[in-house]
Student: 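Have a look at this one.
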Amino acid sequence: MVVSELLLDVQDLNVSFATEEGIVQAVDEVSFKLHAGEVLAVVGESGSGKSVTAMTLMGLTRSPNARFAGSAKLRDLDLVTAGDDELRAVRAEEIAMIFQDPMTSLNPVHRIGRQIVEQIQAHRSVSDGEARDQVVALLERVGIPRARERFDSYPHEFSGGMRQRVMIAMALSCEPAVLIADEPTTALDVTIQAQILEVLKELRTETNAGIILVTHDLGVVADIADRIAVMYAGRIVEQGTTDEVFYNPQHPYTWGLLGSITRVDRPRPQRLPSIPGLPPSLIRPPQGCHFRPRCPHAHDACLLKPELAPRVGGETGHTDRCVLTPERKRELRKAEGQIGLVAGGVTE
């Protein structure tokens, strides 16, 4: 097996914010790696810390009330401790982000072509004509029809899906090694979702960029992700390859996420499955396992903080924070009818 270049190495990343009510621990000891040509999906409910993690890598959570610990090395540069000038130098050039809402991320009073030209010229010495040609090629690459004509259009003249394509073109304008896509399919219909994901897959193949896909929808990542990190209340609670997480999930929270996906190969339920309860307050999180108050299998050992560790098959990349033994988890999944969570797959 050929090991690709390690682009991003995040170790024990902590992000907290001081508020009037107390300290919000938004990101708690998050660790992961991203290699060239790899798609890492970061999934979880709203408020789990996914977007804060992504924006911290871009240096966009820095404020007087923010505190950081740990490291996030983009090749040799630590993004956590880097100065503002260092971050400006690598944004767009080495690491870029597709933001969640393209309508509020694009300037509504400037033509879309000029916005992308501005980013290119901030990092490269090219003339207006050369930059314009590059932007037209980028717009064509992401599937914008009549790209040369649409260069002078305003954001409101595009549909939601087309605006998202413009955001992707902007993120790719300086050919970054790492691309962060924060909920790129939110508020888009399923047909446009599929088109946006197809664009990301094609770009990964063409540029060999590493992609971090932030989403709350496990169904979206099933066809595109190589690895999945499941986040809950600021922590990664399970991490592994897509096959490992889908076919052999080890954390009860992951079971809940997978179980809430409606299955076409089973009878239609009277009610859509859901995880009981609400995500905890990050100011006063539960003692021990953060998922404990919502977990039907919680016991006394869950009052201690569980470590993210390999519990299946020894020292593998499949890790989780649940203290139940793999054998007990298998029994519980079987009792709950959660064997074979993926169509065609069987968990042994």
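Since the structure is predicted, the reported quantities are computational estimates derived from the model, not experimental observations.
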Student: So Ile168 and Ile196, do their side chains get closer than 4.5 Å, heavy atoms only?
Tutor: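 Yes, their side chains come closer than 4.5 Å.
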
Student: Testing the basics here: between Ile120 and Val135, what is the closest heavy-atom pair and its distance to 0.1 Å?
Tutor: CD1-CG2, 3.8 Å

Student: What distance do Thr205 atom OG1 and Lys201 atom NZ have between them, rounded to the nearest 0.5 Å?
Tutor: 9.0 Å

Student: Using distance alone, with no hydrogens and no angle criterion, decide if Asp243 and Thr241 have a side-chain donor and acceptor under 3.5 Å apart.
Tutor: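 No donor-acceptor contact under 3.5 Å links the two side chains.
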
Student: Looking only at heavy atoms, what is the nearest atom pair of Arg227 and Thr242, with distance?
Tutor: N-OG1, 3.8 Å

Student: With heavy-atom distances below 4.5 Å as the criterion, would you say the side chains of His299 and Leu324 are in contact?
Tutor: yes

Student: Answer with yes or no whether the hydrophobic clustering places Val237 together with Val323; edges join I, L, V, M, F, W, Y residues whose side-chain heavy atoms lie under 4.5 Å apart.
Tutor: no

Student: Checking side chain to side chain contact (heavy atoms under 4.5 Å, CB included) for the pair Asn248/Arg333: CA distance, chi angles, key distance, verdict?
Tutor: CA-CA 10 Å; Asn248 192 22; Arg333 291 203 308 274; 2.9 Å; yes

Student: Would one find more than 12 heavy atoms of other residues, nucleotides or ligands at under 6.0 Å from atom CD of Glu118?
Tutor: no

Student: Donor-acceptor pair, Lys50 side chain versus Gly44 backbone, under 3.5 Å?
Tutor: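 Yes; judged by distance alone, with no hydrogens or angles, the pair exists.
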
Student: If you measure only the distance, is there a donor-acceptor pair under 3.5 Å linking the side chains of Glu45 and Tyr253?
Tutor: yes

Student: Verify the neighbour count for atom CG of Asp300: are there more than 12 heavy atoms of other residues, nucleotides or ligands below 6.0 Å?
Tutor: no

Student: Which atom pair, heavy atoms only, marks the closest approach of Gly59 to Leu87?
Tutor: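 Gly59 and Leu87 have their closest heavy atoms at CA-CD1, 3.9 Å.
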
Student: Over all heavy atoms of both residues, which pair between Ala222 and Phe246 is shortest? Give the atoms and the distance, please.
Tutor: CB-CZ, 3.9 Å

Student: Looking at every heavy atom in both Met162 and Pro145, which two are closest together, and how far apart are they?
Tutor: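 That closest heavy-atom pairing would be SD-CD, 4.0 Å.
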
Student: Check Glu130 with Arg124, please: is the shortest side-chain N to carboxylate O separation under 4.0 Å?
Tutor: no

Student: Once rounded to the nearest 0.5 Å, what's the spacing between atom CD1 of Ile98 and atom CD of Glu183?
Tutor: 12.5 Å

Student: Is there a side chain to side chain contact (heavy atoms under 4.5 Å, CB included) between Ile23 and Arg67 once you walk through the steps?
Tutor: CA-CA 10 Å; Ile23 302 297; Arg67 299 292 181 270; over 6 Å; no

Student: Working note: Val27 + Asn14, criterion side chain to side chain contact (heavy atoms under 4.5 Å, CB included); need CA distance, chi angles, decisive distance, verdict.
Tutor: CA-CA 5 Å; Val27 178; Asn14 286 269; 6.0 Å; no

Student: Check whether any side-chain heavy atom of Val178 sits under 4.5 Å from a side-chain heavy atom of Leu57, and report yes or no.
Tutor: no

Student: If you measure only the distance, is there a donor-acceptor pair under 3.5 Å linking the side chains of Ser153 and Arg150?
Tutor: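 Arg150 and Ser153 do have a side-chain donor-acceptor pair below 3.5 Å.
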
Student: Are Ser31 and Ile236 side-chain neighbours, meaning at least one heavy-atom pair lies under 4.5 Å?
Tutor: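 They are not in contact (no side-chain heavy atoms under 4.5 Å apart), so the answer is no.
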
Student: Any carboxylate oxygen within less than 4.0 angstrom of a Lys/Arg side-chain nitrogen, looking at Arg132 and Asp152?
Tutor: yes

Student: Keeping the roles fixed (side chain from Asp101, backbone from Phe99), state whether a donor-acceptor pair exists under 3.5 Å.
Tutor: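 Here the side-chain-to-backbone pair does not exist.
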
Student: Do Ser4 side-chain atoms and Ala36 backbone N/O form a donor-acceptor pair below 3.5 Å?
Tutor: yes

Student: Is it true that atom CD of Glu21 has more than 12 heavy atoms of other residues, nucleotides or ligands lying nearer than 6.0 Å?
Tutor: no

Student: Please round to the nearest 0.5 Å and tell me the distance separating atom CD1 of Ile228 and atom OG1 of Thr254.
Tutor: 9.0 Å

Student: Counting only N and O atoms by type, is there a donor-acceptor contact under 3.5 Å from the side chain of Arg163 to the main-chain atoms of Glu157?
Tutor: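 No, the answer is negative, given that no donor and acceptor are paired below the 3.5 Å cut-off.
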
Student: Hey, are the side chains of Tyr232 and His251 touching, using non-hydrogen atoms and a 4.5 Å cut-off?
Tutor: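 The answer is no, as the side chains (C-beta and beyond) never meet within the 4.5 Å cut-off.
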
Student: If I take atom SG from residue Cys289 and atom NE2 from residue His297, how far apart are they, to the nearest 0.5 angstrom?
Tutor: 12.0 Å

Student: Keeping the roles fixed (side chain from Asp226, backbone from Val39), state whether a donor-acceptor pair exists under 3.5 Å.
Tutor: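 Such a contact is found between Asp226 side chain and Val39 backbone.
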
Student: Would you kindly say whether Asp78 and Ser71 are connected by a side-chain donor-acceptor distance under 3.5 Å?
Tutor: no

Student: Taking it one step at a time, do Leu8 and Ile212 satisfy side chain to side chain contact (heavy atoms under 4.5 Å, CB included)?
Tutor: CA-CA 10 Å; Leu8 187 64; Ile212 299 176; 3.7 Å; yes

Student: With rounding to the nearest 0.5 Å, note down the distance linking CG in Leu79 to CD in Glu86.
Tutor: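 Between Leu79 CG and Glu86 CD, I get 9.5 Å after rounding to 0.5 Å.
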
Student: For Glu38 and Lys33, which heavy atoms make the closest approach, and how far apart are they?
Tutor: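 Closest heavy-atom pair between Glu38 and Lys33: OE1-O, 3.9 Å.
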
Student: Are the side chains of Leu7 and Ile95 in contact, using a 4.5 Å heavy-atom criterion?
Tutor: no

Student: So with a 6.0 Å cut-off around CG of Asp223, is the heavy-atom count from everything else above 12?
Tutor: no

Student: With the threshold set at 4.0 Å, does a side-chain nitrogen-carboxylate oxygen contact exist between Lys334 and Glu331?
Tutor: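 Answer for the salt bridge query: no.
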
Student: For residues 274-290, which residue pairs qualify under side-chain hydrogen bond (donor to acceptor under 3.5 Å, both in side chains), counting only residues two or more places apart or in two chains?
Tutor: Arg235-His290

Student: Apply the side chain to side chain contact (heavy atoms under 4.5 Å, CB included) test between Glu238 and each candidate in Met231, Glu244, Gln250; give the one that qualifies.
Tutor: Gln250

Student: Strictly distance-based, threshold 3.5 Å: is any side-chain N or O of Glu175 a donor or acceptor partner for the main-chain N or O of Thr207?
Tutor: no

Student: With heavy-atom distances below 4.5 Å as the criterion, would you say the side chains of Val142 and Val166 are in contact?
Tutor: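 No, every pair of side-chain atoms sits at 4.5 Å or beyond.
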
Student: Determine whether Ile211 and Leu203 make a side-chain contact, defined as any pair of heavy atoms from C-beta on separated by less than 4.5 Å.
Tutor: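 With C-beta onward as the side chain, the pair stays apart.
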
Student: Quick check for you: to the nearest 0.5 Å, what is the distance between Arg148 atom CZ and Asp133 atom CG?
Tutor: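 If I round to the nearest 0.5 Å, the distance is 5.5 Å.
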
Student: Quick one: do Glu5 and Arg75 satisfy salt bridge (charged side-chain N to carboxylate O under 4.0 Å, His left out)? Show the steps, please.
Tutor: CA-CA 9 Å; Glu5 178 190 3; Arg75 295 194 170 106; 2.9 Å; yes

Student: Applying the 4.5 Å side-chain criterion to the ILVMFWY set and letting contacts propagate, would Leu172 and Val126 be lumped into a single cluster?
Tutor: yes

